[in-house]
Peer 1: 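The structure's right below; bear with me while I get my questions together.
Everything numeric here is computed off the predicted structure, so don't read it as measured data. Only heavy atoms go into these numbers, but all of them, side chains included; no hydrogens, no water, no symmetry mates.
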Amino acid sequence: SVLVFPEGTRSQQQALLSFKAGALHPAYLSKVKIISVTQNYGFQCDGFKNIQNTIDIHFHPALNHQDYAQRSHENVMTQCVDLIQSKLKA
């Protein structure tokens with residue numbers, strides 16, 4: 001299993017930052033499923049400041065390798081972004 005944070009960082013806002021171009025490259029090379037995950041309120045939990053809160057996590061349906069193998073990275077990335085944005089809370 002590989003876990004990738006395609007934004008490369010976290011944001012204090014409930015909005016996506018731009019995804020890094022090579023974020024999906026490991027999935028294409030290893031021919032694994034891609035599972036987009038939406039995380040809400042993660043920035044509000046900070047173990048260093050002893051702030052506790054609830055993180056809302058949504059796992060989207062898996063995208064199998066045969067479903068994305070012939071598609072461009074950009075096309076698949078757009079699909080992942082759309083899935084993640086669909087569950088972001090304002």
Peer 1: Answer yes or no: does atom CD of Gln66 have more than 12 heavy-atom neighbours from other residues, nucleotides or ligands under 6.0 Å?
Peer 2: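 It does: Gln66 CD has more than 12 such atoms within range.
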
Peer 1: Test of understanding: with side chain to side chain contact (heavy atoms under 4.5 Å, CB included), list the residues that count as partners of Leu24, not counting sequence neighbours.
Peer 2: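 Partners of Leu24 under the side chain to side chain contact (heavy atoms under 4.5 Å, CB included) test: Tyr28, Ile34, His73, Val76, Met77.
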
Peer 1: Got a second to check how far Gln39's CD is from Lys89's NZ, nearest 0.5 Å?
Peer 2: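 The NZ atom of Lys89 is 12.0 Å from CD of Gln39, to the nearest 0.5 Å.
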
Peer 1: Are there over 12 heavy-atom neighbours, none belonging to His65, within less than 6.0 Å of that residue's NE2?
Peer 2: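 Yes, NE2 of His65 has more than 12 neighbouring heavy atoms, counting only those of other groups under 6.0 Å.
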
Peer 1: Under the side-chain hydrogen bond (donor to acceptor under 3.5 Å, both in side chains) definition, can you give me all pairs with a residue in residues 74-86, not counting sequence neighbours?
Peer 2: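 Qualifying pairs: Arg71-Asn75, Arg71-Gln79.
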
Peer 1: Is Val37 reachable from Leu83 through a run of I, L, V, M, F, W or Y residues, each pair having side-chain heavy atoms under 4.5 Å apart?
Peer 2: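 No, it is not one cluster - the side chains of Leu83 and Val37 are not joined through contacts under 4.5 Å.
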
Peer 1: Got a sec, which residues hit side chain to side chain contact (heavy atoms under 4.5 Å, CB included) with Lys87, two or more places apart in sequence or on another chain?
Peer 2: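 Lys87 satisfies side chain to side chain contact (heavy atoms under 4.5 Å, CB included) with Thr38, His58, His60 once adjacent residues are dropped.
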
Peer 1: Heavy atoms only: give me the nearest Lys33-Asn64 pair and the separation to one decimal.
Peer 2: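 That would be CE-OD1, 3.1 Å.
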
